[in-house]
Amino acid sequence: MTTSHWLVKSEPNTYSYGDLERDGKTIWDGVRNNAAALHLKAMREGDEVFFYHSQEGLAVVGIAKVVRTAFPDKTDPAGRFVAVELAPVRALTRPVTLADMKAEPALADMAMLRQSRLSVSPVAADQWKVILKMAGG
DNA sequence: GCCAACGTTGGC
DNA sequence: GCCAACGTTGGC
C-alpha cells in the first residue's frame, strides 16, 4: 500500500488553512461531485493533501493529512456522498500560487489545472515534489 | 461582475 | 437515451 497525494480546495472566506490549524482537525464534507467523491473514497489514512485557497489567495498554502477515511457525509440528505477527516501538518514556507503552477511545465498534467472546477484531485508523486520545491522545501 | 467549464435536470 | 436549459464553481 503506497501513500497517495491529493489536493483539496477551499474558499478561505469559508474555511481557511488557518481555520484547520486552529481546529486541529476537521470533517471535509459538502463535496457534491462524483469525480471528487471518488477521490475522497480513495484516500487512505496518512495520505498527504495540499490545501488550496480558491477565490481569494489562489495558492497552495499548507499541507494536511487524512486522519479518517471516507464515511457517509451527514450533510448530504440523499446519503450518496462521503466525507473524510483532515488534520493540519504544516503551512508552506512560501505559498505556491496558481500562476506559479501554470507556469511550471512539470505540472502541465496536474488534474486541478486540467479541470479547474474539481474540488478534490489527485497529485502525482513527482508533481508533489515539484510543488514542495517551489514552496521552498 | 463576467464568463467558461462542466455537471445535473427534465422534457421529449 | 438524447440534449437543451440551467445551476455552480472558480479564474480573470
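Labels below follow one simple rule: chain letters A, B, ... track the order of the sequence lines, proteins then strands, and each chain is numbered from 1.
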What does the B/S/- profile of nucleotides 4-11 of chain C look like, 5' to 3', with a 4.0 Å heavy-atom cutoff to protein? ---BBBBB
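Pairs of residues two or more places apart, or lying in two chains, that qualify as salt bridge (charged side-chain N to carboxylate O under 4.0 Å, His left out) and include a residue from residues 111-122 of chain A are A:D109-A:R114. Counting only residues at least two apart or in different chains, salt bridge (charged side-chain N to carboxylate O under 4.0 Å, His left out) contacts with residues 26-36 of chain A comprise A:R32-A:D73.
Under the side-chain contact (heavy atoms from CB on, under 4.5 Å) criterion, A:E56 pairs with A:P12, A:N13, sequence neighbours left out. For A:D19, the salt bridge (Lys or Arg N to Asp or Glu O under 4.0 Å) test picks out A:R22, with sequence neighbours left out.
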Expected list for residues 118-129 of chain A: side-chain donor-acceptor pairs under 3.5 angstrom, two or more places apart:
| from | atom 1 | to | atom 2 | distance (Å) |
| --- | --- | --- | --- | --- |
| A:Q127 | OE1 | A:A124 | N | 2.9 |

